[in-house]
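Worksheet for the structure shown next.
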Amino acid sequence: MANESIIEVKNLTKMFNKFTAVDGINFDVKKGEIFGLLGPNGAGKSTTLRMLSTLARPTKGTAIIGGFDITKNDNEVRKLIGIVSEKMIMYNRLTAKENLWFFGSLFNIPKDVLTKRIDELLELVQLTKWKNAQVGTFSTGMRQRMNVVRALLNLPQVLFLDEPTLGLDPQSSVEIREFIKKLNRENGTTVVITTHMMVDADLLCDRIAIVDHGRIVALDTSANLKKTISGADTTIISLEISNLSPELITALRGLNCVDAVTQENTLTLRIIVHGSEAFDSVIDKVRAMNGKISSMQNLQPSLEDVFLHITGHQVRDTADQKIPQEHKRFGASQQGRIR
Amino acid sequence: MGAKTLFSHSMRIAWKDLTELFRNRLGLVLLIVMPLFMMVMVGFIYPSNGGTGANLPVGIVNEDSGFNNSTLPSQTFIMGLEIMNNQTHFLAFSNVTTMADIKDMVQRGDLEGGIVIPSNFSQSILTGEQGTVIVITDNSNLQISAQINGYSQLYIEQLSTVLAQKNVQSLNATNALAVVNPYSIQLQGVVSGTTNYFDFVAPGIMAMTVMMSVMTGLPVAISQEKEVGTMDGMMVAPINRLSIILGKTLGQTARGLLQGVIILVLAIGLFGVAIQGSILLVFALLLLGVFSFVGLGIVITSFTKDQETAQMLMMTLMFPMMFLSGVFFPIQTMPWYMQDIAKFMPLTYAADAMRKVMVLGAGISAISTEIIILIAFGAIMTAIAVPVFRRMMTR
Ligand SMILES: Nc1ncnc2c1ncn2[C@@H]1O[C@H](COP(=O)(O)OP(=O)(O)O)[C@@H](O)[C@H]1O
Ligand SMILES: [Mg+2]
């Protein structure tokens, strides 16, 4: 039971005109698992999720969910799944209860069952008090809870969530994560979640597929993914330089032992290096350029490092981060290190 | 999936849309204000000018030089005109010296037209010839011009009948009138009482508003849900895709009919329009009009990605329809090529049928042609629209 696949994705491809948004991806999701699709904006996560939830038609390939082909038995698939999409699926002028009634009634759930279920779901996300208030008056956190609960009306076996914590305050993010975990633990709901936030993937997912440019570039548990870095001769160092300059960063990137450099804040760099001489080379370079090292630390690899290591660019896009950064990568290709 | 579930899902969607509509205060106000504006505008731009008391200023020029020192015929004629006009007040007469003066005054706007009695008038009458009277109108203003023409002709015909009667009587006929006019025509409006321009436009405006309201409402309602993302909530439910479009159409139709009712109430209450025919038939026609149109709305919905494009496209289509479908001006007065274009617009037939029912009190049989054409329009458009919509829904 534990290892049974509930989703089998086969060569799933989506093209928009000539642009390939999802490029022939393959993966399985096990029953009862929380599966993450991690990747930067534009990687094709949402498109993948939309195809899996029958909202978009694959250009090529397909997926089997609970034994049904998404391209052939879409209505059967729909009965098994729930989707929390990037956008709120809620009518602002309807009350919480009316919204749930409307969407629930499209699933042919008997009236008495639906009434009871709506009450339970509202209770579950502590919105009972607001059930007769229009959703338009809700806070972002409340709305997102509603949005998640809406997807649960048909008690889905598989729940798809597209960036469920996007735009939420930390408190609400924690709540949503806890809720997803609880749902998975208590109801055995299989969860497929997309995110570009490392924390989400790290804290929530049993396995993570790293997606970039429409392809899966790595797929494993968070721990195993990190091991691919620390297991090799790769090291991550945090370097604080009190007189940090762009020229210095460029110079560091030019070093052979340096795989990637990202700027954490005005003074701190995060550097992925390899080889036993790496520390010395870095320090020598900084000295040679009259840089003043105020602190140096050896770091545990994060998923961010894994991503950077594999793809050569950062997960978070520039819009997310105010600190200017460069995306270019150096060093040899490490594709071979990840299976 | 059964027709029953299809319908029940459609009803839920329609009900949801209407609930949203009724909670949208501003939208609701606009829904009422829009037709009110249209009615008031139309009502005041085109003065109600049928009936009596139009009092259009018309100058009379008497150039009659008499015959045997007698100008009796022209004096009698003018007196006759005045006597008749005193009862109806269609026109307001004033004396003018020359024909050139009349043209001047018409150009200045002091007069709307003139009646000229030529110098040989008495001579012609008294020597057994036809006396000709010249009617001058401002033919840059077709409506007024046509009215003056009409009234003058009416007066002059009646006067000539009176004169002829007298002439024939002197021939000792038993019934003089029977000799002059072996056939008598009694002019009578099809509608009792007086009709005005408003009676003419109200049915058309009603048909237009309801049909346009559905046709524009549908693409906007659907593209809005696509944009906001709520469409996904319906799309991921195991329902027939057709119930979405059907539900939306039902919702928009209800909204359109509501607007129709508002117009009707305004037309009756504010503008004195009377409905001669069956009000049930009026609403049945409105529904049929919507049916004939809705396919076009669906096709447009399928091809437009966002609200803005949908709205612009609808405006572009609506504009010619408003003016070519005979809502504001009779089609018969348009140039032939425009009339041909009008024949391809369902609104033309809907407006026409509505007018026949509302103004002339026609029953179903009298408008069967329009009904058949509207059904045909609807059937063809729906046949095109449904597959197009299905394809759009599974991008
Ligand atoms: N409907 C569409 N038409 C054209 N291009 C699209 C469409 N949807 C997504 N894309 C493109 O496909 C790529 C992947 O998008 P998406 O799946 O939304 O990425 P993600 O969710 O990972 O940020 C992006 O480059 C995006 O611009
Ligand atoms: Mg996305």
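A note on names: the letters A, B, ... follow the listed sequences, proteins ahead of strands, and every chain is numbered from 1. What's counted below: heavy atoms across the whole structure, side chains too, no hydrogens, waters or symmetry copies.
Side chains of Asn108(A) and Thr5(B) form a contact here, defined as non-hydrogen atoms less than 4.5 Å apart. Contact annotation: the side chain of Glu225(B) approaches that of Tyr91(A) to within less than 4.5 Å [non-hydrogen atoms, C-beta and beyond]. You'll find the side chain of Arg93(A) stays beyond 4.5 Å of the side chain of Thr19(B), heavy atoms only.
Looking only at heavy-atom pairs under 4.5 Å with chain B, the residue among Ile89(A), Ile81(A), Val77(A), Thr54(A) that has the most is Ile89(A).
Heavy-atom distances place the side chain of Gln134(A), and not its backbone, under 4.5 Å from chain B. Contact annotation for Glu227(B): only backbone heavy atoms (N, CA, C, O) come within less than 4.5 Å of a heavy atom of chain A. With a threshold of 4.5 angstrom between heavy atoms, Glu76(A) does not approach chain B through any atom at all. Contacts of Ser105(A) with chain B are made by both backbone and side-chain atoms, with heavy-atom separations under 4.5 Å.
Between the CG atom in Asp232(B) and the CE atom in Met88(A) there is a gap of 13.5 Å [rounded to 0.5 Å]. Phe102(A) CZ to Asp17(B) CG: the interatomic distance, rounded to the nearest 0.5 Å, is 7.5 Å. Interatomic distance, CH2 of Trp101(A) versus CZ of Arg12(B), reported as 6.0 Å (0.5 Å rounding). Taking CD1 of Ile239(B) as the reference point, atom CG of Leu106(A) lies at 5.0 Å (rounded to 0.5 Å). The structure places CG of Asn24(B) at 11.5 Å from CG of Asn92(A), a figure rounded to the nearest 0.5 Å. Atoms CZ and CG, from Arg241(B) and Asp74(A) in turn, are 6.5 Å apart once rounded to the nearest 0.5 Å.
Within 6.0 Å of CE on Met11(B) lie no more than 12 heavy atoms contributed by other residues, nucleotides or ligands. By the neighbour-count criterion of 12 heavy atoms within 6.0 Å, atom CZ of Phe283(B) is densely surrounded, having more than that number from other residues, nucleotides or ligands. Heavy atoms from other residues, nucleotides or ligands lying under 6.0 Å from CZ of Phe37(B) number 12 at most.
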Could you go through the side-chain contact (heavy atoms from CB on, under 4.5 Å) check for Arg23(B) and Leu94(A) one step at a time? CA-CA 8 Å; Arg23(B) 295 211 179 133; Leu94(A) 300 192; 4.0 Å; yes
Yes or no on side-chain contact (heavy atoms from CB on, under 4.5 Å) for Lys87(A) and Val228(B), after CA distance, side-chain angles and deciding distance? CA-CA 7 Å; Lys87(A) 294 172 177 171; Val228(B) 175; over 6 Å; no
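Between the side chain of Arg78(A) and the main chain of Met235(B), a donor-acceptor pair closer than 3.5 Å is present.
Considering only residues two or more places apart in sequence or on other chains, Asp69(A) meets the salt bridge (Lys or Arg N to Asp or Glu O under 4.0 Å) condition with Lys72(A).
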